[in-house]
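Take a look at the structure set out below.
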Amino acid sequence: MTPAPTRPPVPRPSSPATADGVPVPGPRVRDDMTVEVALSLMAGARVDHLVLCDGDDQSTGVVTLALLTGLRDDPAYTDRIRLRDVIALAR
């Protein structure tokens with residue numbers, strides 16, 4: 001049996017940090033993802049938050065399961081809302 005060739009580790013972009021500078025670990029997703037897809041991904045990955053990244057893979061924020069669930073239960077909710085819009089509303 002021949003061993004598989006190994007690849008050098010790929011550097012990962014830095015994660016967003018909390019107010020005290022501690023990085024937030026978690027799945028990284030693009031901020032153009034819809035809320036419905038994000039909720040499905042969170043359920044499949046069994047996580048309670050997602051780290052958002054823009055088109056340049058720069059961290060733009062964090063969304064939580066509680067925030068997205070609350071938003072989905074709002075009467076004004078549509079399935080076209082993107083995560084970047086959620087961050088803008090939360091500010």
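Predicted model, so just to flag it, every value in this text is computed and none were measured.
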Quick one: are [X] and [Y] in side-chain contact, heavy atoms under 4.5 Å?
{"X": "Val86", "Y": "Val35", "result": "yes"}
{"X": "Met42", "Y": "Pro27", "result": "no"}
{"X": "Val29", "Y": "Leu41", "result": "yes"}
{"X": "Arg72", "Y": "Ile81", "result": "no"}
{"X": "Leu65", "Y": "Leu39", "result": "yes"}

Test side-chain contact (heavy atoms from CB on, under 4.5 Å) on Val63 and Ile87 and set out the steps.
-> CA-CA 8 Å; Val63 292; Ile87 293 297; 3.7 Å; yes

Spacing of [X] atom [atom1] and [Y] atom [atom2] [to the nearest 0.5 Å]:
{"X": "Leu83", "Y": "Thr60", "atom1": "CG", "atom2": "OG1", "answer": "9.0 Å"}
{"X": "Leu68", "Y": "Leu50", "atom1": "CG", "atom2": "CG", "answer": "7.0 Å"}
{"X": "Asp74", "Y": "Leu71", "atom1": "CG", "atom2": "CG", "answer": "6.5 Å"}
{"X": "Arg30", "Y": "Arg82", "atom1": "CZ", "atom2": "CZ", "answer": "10.5 Å"}

N-O pairing of Asp54 and Arg84 below 4.0 Å = no

For Gly26 and His49, which heavy atoms make the closest approach, and how far apart are they?
-> CA-NE2, 3.9 Å

